[in-house]
Amino acid sequence: QVQLVESGGGLVQAGGSLRLSCAASARTFSKYAMGWFRQAPGKEREFVAAYSWGGVTAYADFVKGRFTISRDYDKNTIYLEMNSLKPEDTAVYLCAARNYYNDYDPRAWSYWGQGTQVTVSS
């Protein structure tokens, strides 16, 4: 069982930055792929970024060059550094975990946090 707790969301103006954190309770944190997804009102949950157990990162096209995912194995924590934020980035951002490998499909992920709200004003 893995428990995930996100933090770092908030309100920011367009062009601004935020850093999200996700702390994991897993005893074998290194064996999990960790990912970020987002869900806006009335829309489906969508893949944002992921970091596999082997250190492979993946990004959605709409965040490439703006967002960076990183991982601290000592702290069992992943981060999502978000720069050049746009109003369309407004959503609840959720942390997720699954065994070993990244996957773009949210249905492939086993564990989820409660989410943190990110609101970008124009």
Q: Report yes if some heavy atom in the side chain of Glu6 is under 4.5 Å from a heavy atom in the side chain of Leu20; otherwise report no.
A: no

Q) When hydrophobic residues are tied together by side-chain contacts of less than 4.5 Å, even through go-betweens, does Phe47 share a cluster with Val92? A) yes

Q | Nearest-0.5 Å distance that lies between atom OH in Tyr104 and atom CD in Glu46 | A | 13.5 Å

Q) In Å, rounded to the nearest 0.5 Å, how long is the span from CG of Asn99 to OG of Ser52? A) 12.5 Å

(Q) With a 4.5 Å cut-off on side-chain heavy-atom distances among I, L, V, M, F, W and Y, is there a chain of contacts connecting Val118 to Phe62? (A) yes

Q | Least distance between heavy atoms, Ala14 atom then Ser122 atom | A | CB-CA, 4.4 Å

Q. Is there a side-chain contact between Met82 and Val12, using heavy atoms and a 4.5 Å cut-off?
A. no

Q. If you draw a 6.0 Å radius around CH2 in Trp112, do more than 12 non-hydrogen atoms from other residues or ligands fall strictly inside?
A. yes

Q. Is the NZ or CZ atom of Arg19 positioned over Tyr79's six-membered ring, under 6.0 angstrom from the centre and within 45° of the axis?
A. yes

**Q.** Shortest non-hydrogen separation from Asp105 to Asp103 and the atoms involved
**A.** N-OD1, 2.8 Å

Q) Listed by chain and number, what are the ring-ring contact (aromatic ring centres under 6.0 Å, His included) partners of Trp36, not counting sequence neighbours? A) none

Q) Does Lys64 pair with Asp61 as a salt bridge, N-O distance under 4.0 Å? A) yes

Q. What's the shortest heavy-atom distance between Ala40 and Ala91, and which atoms?
A. N-CB, 3.9 Å

(Q) Quick check on the hydrophobic clustering: are Leu4 and Phe37 connected, directly or via other members, by side-chain heavy-atom contacts under 4.5 Å? (A) no

**Q.** Shortest non-hydrogen contact between Val2 and Ala97, atoms and distance
**A.** CG1-CB, 4.4 Å

(Q) Is the terminal nitrogen or CZ of Arg71 (NZ for Lys, CZ for Arg) located under 6.0 angstrom from the six-membered ring centre of Phe29 and within 45° of that ring's axis? (A) yes

Q | Residues in side chain to side chain contact (heavy atoms under 4.5 Å, CB included) contact with Thr90, at least two apart in sequence or another chain | A | Gln117, Thr119, Val120

Q.
Measuring only between side-chain heavy atoms, which start at C-beta, is Tyr32 closer than 4.5 Å to Ser110?
A. no

**Q.** Heavy-atom side-chain proximity of Glu81 to Phe67 below 4.5 angstrom
**A.** no

Q | Euclidean distance, Tyr51 OH relative to Thr57 OG1, rounded to 0.5 Å | A | 7.0 Å

(Q) Show, in sequence, the C-alpha distance, side-chain angles and deciding distance for Tyr101 and Trp53, and conclude whether the side chain to side chain contact (heavy atoms under 4.5 Å, CB included) test is met. (A) CA-CA 7 Å; Tyr101 303 108; Trp53 76 287; 3.5 Å; yes

Q) So, do Asn102 and Val56 sit near enough that their side-chain heavy atoms are less than 4.5 Å apart? A) yes

Q. So how far is it from Tyr100 OH to Lys31 NZ, rounded to the nearest 0.5 Å?
A. 5.0 Å

Q: Compare every heavy atom of Asn83 with every heavy atom of Ser17, then report the nearest pair and how far apart it is.
A: OG-OD1, 2.8 Å

Q | Side chain to side chain, Tyr59 and Thr68, heavy atoms closer than 4.5 Å | A | yes

(Q) For a 4.5 angstrom cut-off between non-hydrogen side-chain atoms, does Met34 reach Ile69? (A) no

Q) If you round to the nearest 0.5 Å, how far is CD of Gln3 from SG of Cys95? A) 12.5 Å

(Q) Taking the six-membered ring of Trp109 as reference, does the cationic atom of Arg45 (NZ for Lys, CZ for Arg) lie under 6.0 Å from its centre and within 45° of its axis? (A) no

Q.
Return the CG to OG1 distance between Leu94 and Thr116, rounded to the nearest 0.5 Å.
A. 9.0 Å

